[in-house]
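These numbers come from a predicted model, not from an experiment.
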Amino acid sequence: MRFIVSTSILLKQLQAISGASSSSTVLPILENFLFEIKDNTLTISATDLQTSMVTSLQIESKEEGRVAMPSKILIETLKTLPDQPVAFSVDTNTLAIEISAGDGKYKLSGENADDFPKIPTVDNTSTVNIPAPVLAEAINKTIFAVSNDELRPAMSGVLVQLAEQSTTFVSTDAHKLVRYRRTDIYTDKPASLILPKKALSLLKSSLPSDDVNVTIEYNNTNAFFQFGNIFLICRLIDERYPDYEAVIPQVNPNKLTVDRSLFLNTLRRVVIFANKTTHQVRLRISGSELNISAEDLDFSNEAHERLSCQFEGDDMEIGFNAKFLVEMLNNLSSEEVIIEMSTPNRAGLLIPAIKDDNEDILMLVMPVMLNNAG
């Protein structure tokens, strides 16, 4: 089996899908790319059994065939080569691979393609189309709040609820929660899917920035994403997602409106002086003044800053983990944010002061108990 391809084109495709391969000691075959040639099309696949990525490109080849090639050495070699045609020759009996590029010859051994796991195929699916920038935005806004707790597998992914008037993306790790709703994506076949974090990270890094449509097909076990010549398949998390609506407090009489970037930069400074394990900051709100303070009693560190704000409600004092607030404020884009609160021991809600068209975002953060010194 022999084919010729440009180094830069091949490298770009391999880098796009390499995140799906796995450095598995149990199954060394997962450290390979599967190369398949048919009708002058080279199809390359990578998988870790849970997530697979496939890409295809046109090449010159008079033959058909398939072989598994070690992914790491291949990418490292292509990275160092200038942009030029490169020829691959594979001995289908011994699986020896020879790469010729310019004056160089490189030999490595492949693996039997039949040992490579079968990539799931699309059947009995429903379909929804989402523009790439919208999907990227939904992933960015939710992925940071996904749980890393392996004992709660449902929360280790993002819940996607497709409905007739909107689509809702939800993530939570029990300390923070994000509900991101789009009214410009909907379907006549409502469904709920939990997409794993790794697949979403891979999507996030490989989605094109231009306004192409991503076709998402899904059935009970897998979701299939297609954009350009890239295909990503992931196994859905087969668990019940917690009832997140029940956690969102409905009555929040205290509303604080503050400049997002001022608040964000103040928190970044003040948290330096907070306890390194709790990252606790204290918000004291009275009238149109917000006092933010932190202390680390072990090292006698403390910081106080004052911001002007708008506040409706009774004067209050509440503690939060500043790291969570910083992450949330980083993932909101409005100039001003509103923090809605009821009591110091109930969750606070962060929402943008001005909503964008077609999107509705709510972030929830659990408070931390204050010791009343200070």
[X]-[Y] side chain donor-acceptor pair, cut-off 3.5 Å:
X      : Y      : value
Lys62  : Asn40  : no
Glu295 : Asn275 : no
Asp83  : Ser8   : yes
Thr257 : Gln310 : no

query: Of all residues at least two apart in sequence or in a different chain, which pass the ring pair (Phe, Tyr, Trp, His ring centres under 6.0 Å) check with Phe3?
result: Phe88

- prompt: Who passes ring pair (Phe, Tyr, Trp, His ring centres under 6.0 Å) against Phe324, sequence neighbours left out?
  reply: His175

- prompt: Is there a salt bridge (Lys or Arg N to Asp or Glu O under 4.0 Å) between Glu317 and Arg284 once you walk through the steps?
  reply: CA-CA 4 Å; Glu317 203 172 322; Arg284 190 180 283 143; 3.2 Å; yes

Within the supplied structure, the quantity of interest is the number of heavy atoms (other residues, nucleotides, ligands) at a distance under 6.0 Å from [X] [atom1]; does it exceed 12?
X      : atom1 : result
Glu150 : CD    : no
Lys323 : NZ    : no
Lys276 : NZ    : yes
Glu335 : CD    : no
Gln165 : CD    : no
Tyr186 : OH    : no
Asp210 : CG    : yes

query: Side chain of Glu63, backbone of Met1: donor and acceptor closer than 3.5 Å?
result: yes

message: Testing the basics here: between Thr187 and Tyr218, what is the closest heavy-atom pair and its distance to 0.1 Å?
response: OG1-OH, 4.3 Å

message: Per the salt bridge (charged side-chain N to carboxylate O under 4.0 Å, His left out) rule, what does the pair list look like for residues 247-265, sequence neighbours excluded?
response: none

Salt-bridged, [X] to [Y], with N to O below 4.0 Å?
X      : Y      : value
Glu327 : Lys176 : yes
Arg179 : Glu245 : yes
Arg66  : Asp114 : yes

message: My understanding is that only one of Ile339, Leu256, Ile338 makes a side-chain contact (heavy atoms from CB on, under 4.5 Å) with Leu350; could you say which?
response: Ile339

- line: Partner of Val158 under side-chain contact (heavy atoms from CB on, under 4.5 Å), picked from Val178, Thr142, Thr172, is Thr142

Of all residues at least two apart in sequence or in a different chain, which pass the side chain to side chain donor-acceptor pair (under 3.5 Å) check with [X]?
X      : result
Arg346 : none
Asp115 : none
Asn345 : Thr343
Thr92  : none

For [X], give me all partners under salt bridge (Lys or Arg N to Asp or Glu O under 4.0 Å), at least two apart in sequence or on another chain.
X      : answer
Glu111 : none
Glu60  : none
Glu76  : none
Glu359 : Arg182

- line: With sequence neighbours left out, the residues meeting side-chain contact (heavy atoms from CB on, under 4.5 Å) with Ser22 are Ser24, Leu30, Asp48

